[in-house]
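First the structure, in the form of structure tokens, and then the observations on it.
Note that the structure is a prediction, hence the values are computed from the model and not measured. To find a chain, count down the sequence lines: A is the first, B the second, and so on, and within it residues start at 1.
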Number of protein chains: 2
Amino acid sequence: MDIGERKKRILKAIVENYVETAEPVGSKAICVNLGLSSATIRNEMAELTQMGLLEQPHTSAGRIPSAKGYRIYVNDLMNRQRLSLEETMEINRALNLRIQQLDTLIQRAGTLLSELTSYPAYALTQGKKNNVINRFDFIYVDRFTVIVVLMLDGDDVRNRLMHFPGGLDETFVRKLSTVFNAAFTGITAEDIDETLILSCERACMDNTGVVAAIAGFAISVLDESSPNHAFLSGASHILNHPEYRNPDRAQRLLNYLTGSDMLLRLPDPDEVGKEPKIIIGPENVSKELSDSSVVVASYELGSEMRGIIGVVGPTRMDYGRVAAHLSYIARELRRLFIGSDLPPPPPNLEEGKPRKE
Amino acid sequence: MDIGERKKRILKAIVENYVETAEPVGSKAICVNLGLSSATIRNEMAELTQMGLLEQPHTSAGRIPSAKGYRIYVNDLMNRQRLSLEETMEINRALNLRIQQLDTLIQRAGTLLSELTSYPAYALTQGKKNNVINRFDFIYVDRFTVIVVLMLDGDDVRNRLMHFPGGLDETFVRKLSTVFNAAFTGITAEDIDETLILSCERACMDNTGVVAAIAGFAISVLDESSPNHAFLSGASHILNHPEYRNPDRAQRLLNYLTGSDMLLRLPDPDEVGKEPKIIIGPENVSKELSDSSVVVASYELGSEMRGIIGVVGPTRMDYGRVAAHLSYIARELRRLFIGSDLPPPPPNLEEGKPRKE
DNA sequence: GGTTAGCACTCGCACGGCAAGAGTGCTAAC
DNA sequence: GTTAGCACTCTTGCCGTGCGAGTGCTAACC
């Protein structure tokens, strides 16, 4: 859409004024900044309204930007903001704490994003599907107890302590190790069936269900090893914004955000670039968000984990500010991961050597 | 406090009417049910007000129960409610799904409680502090990679895959195993200090930091092994209740409930019995809850995990109904745990043998 | 003496009218 | 093309009013 230079300046002024005040913007409010009389602005406003970039709540009120107006603002008019030194310092400080779990890091990033922007933030982790078993190890604890250690693709390691009231001896456990490593490595959940388990039982000469129990553990690990989590932070922030002073509207959004199927509705990391993507009001696919906006970016932590992180707020959102924060946090996540002296493939979500700090 | 029989009946009627309608209760509203004239009720009401069991928002309004009034209602007057068959069935259905993680089970119980009562529910898990190491095992993967498996008290097992770019051979790993099992078992986080690590390094003849890295892992496991989690469900339910239609008040409670220090402020399971404990308005220690009530019970899942589960809502809460639900869910959690054919000490949060279903 | 009918009184609340203020669209002059 | 001026519209806050719910008190009643 090609609109004149002056119209752009007016639209920009209206958006920024409205974002700040949450009140419809009248012609007088912006005429001083633009060096034009209010009448001129009114004429332009009328045209911008005709073009669908502005809306008028009622005849004698000022204008507010439409979704289309925001879109043009975001695409062409918005100043790319940079964070102040203090802000970047704050982010660094909050994220650089010794983090044990990648999950926790992401959750903290979400909380931080929410605190900095005063909007609810969500962070989605999408664990890599390490659905291939690389090796089995069995630790013989005592006659009734064995620890089964399963190594998966992506250097993920899982264990389970298992009790077998029937008792078993070390020779049998060694046998188990041989058999399972031969039969169960390089396979996926679908490959494990009755036949495979039966053949293992025969190979181990087991009729006590030990083999079946271990196979069950393997299946459950393969099944659960796409640990998608969604973290929501600062949901109550929406109550600060006048558009959600209406409790019903606030509740609708809150319900949507905390709904159990949230995970399914979040965009796929593939669809979201590393740079913040801004989705304005009706551009959202889910109608519950049709009067809210979303700013979202994807992150990737090595081969281990990826996901998206973003904020949700009213369409009247300070997109520039939010995008700047989000962009910085996403970049920082990446840097933290690559820049840390983690060994390249991070062992089981934690670092292998103490980190220098 | 000894109040007359008739006053009790009146108080009970007022509480129940108020819980239902959320409106101050006038003398006429309850006179038919009690078979007394409104004037008589008025006289009694005046006395109950004098005694501090009722309150009057303003002169020409009805009465609402005071915190003291609720307390007497809860202690003496409330009918113990039982759940309907459908309700118990619903609970059973929701909880009996195949649960992999105890954490998930508790979280689901919280969500269920929230859905059934229409109040926010929180569930706190307080993992047993297994802060003693029982044994070390080392699995030699390749020249640069070792999996360290740590067995803790309470049959908890942790592992970590570690990369050592310097490389190490199998003999050295066996040495590590001997040394660590000798020096590091039966100790707590405080026992691990520079001296201990140095002596291990000497014993292993290690100057590459491998020993230090493994000790670091041990410390981090000991530190983090009190996995307390707090789950909050259905927070947005509060917006349904007229007392929280005021967004500021709603936000205050929401902020409190989602605040990061929530864990610290929840009562200790020891202080809470298995039967629902009802804490009314100002009886709450934290002033943020002074106009809200809490109904809470503790649960215990074997030696593995315990915690509390409860709901938060306005003082005008249907205590009988909430207590009935909470009581049933807490009992069901216990039954699920004991009744399942988990081996008595459940191995690492999961079952050791496939469960019959 | 406890209970009840009656009545005056209080107070919150919803309603309607009114004035003020903000903002517009249009016209005419620059 | 720009701007000053003006009539018009519409919201908002305010005030007074009437209504209704509910009370407290008194006097009669059982």
Q. In a check of salt bridge (charged side-chain N to carboxylate O under 4.0 Å, His left out) between Glu283(A) and each of Lys68(A), Arg71(A), Lys277(A), which one passes?
A. Arg71(A)
Q) Do Tyr73(B) and Tyr319(B) make the cut of ring centroids closer than 6.0 angstrom? A) no
Q: Sugar-phosphate atoms are those with a prime plus P, OP1 and OP2; base atoms are the rest. Using that split, label each nucleotide of nucleotides 16-30 of chain D B, S or - for protein heavy atoms under 4.0 Å, 5' to 3'.
A: -----BSBBB-----
Q.
Quick test of your reading of the model: are Glu87(A) and Arg321(A) salt-bridged, counting only N-O distances below 4.0 Å?
A. yes
(Q) Quick check: on DNA chain C, is the nucleotide nearest His58(B) upstream (toward 5') of the one nearest Ser38(B), or the reverse? Name the residue that is more 5'. (A) Ser38(B)
Q: Let me know the distance between CD1 of Ile64(A) and P of dT11(D), rounded to the nearest Å.
A: 14 Å
(Q) Between Glu55(B) and Arg63(B), does any NZ, NE, NH1 or NH2 come within less than 4.0 Å of an OD or OE carboxylate oxygen? (A) no
Q) Ion pair present between Glu5(B) and Arg9(B), side-chain N to carboxylate O less than 4.0 angstrom? A) no
Q: Check the distance between dG23(C)'s P and Glu44(A)'s CD and give it to me in whole angstrom.
A: 19 Å
Q. Is there a donor-acceptor pair closer than 3.5 Å between any side-chain N or O of Asn284(A) and the backbone N or O of Ser292(A)?
A. yes
Q) With pairs taken as Watson-Crick or G-U wobble and both distances under 3.5 angstrom, which stems of at least three consecutive pairs involve DNA chain C? A) C:1-30 with D:1-30
**Q.** Exam field: side chain Thr21(A) to backbone Asn17(A), donor-acceptor pair closer than 3.5 Å
**A.** yes
(Q) So that I can tick it off, tell me whether Arg249(B) and Asp291(B) are bridged by a salt bridge, with the cut-off set at under 4.0 angstrom between side-chain N and carboxylate O. (A) yes
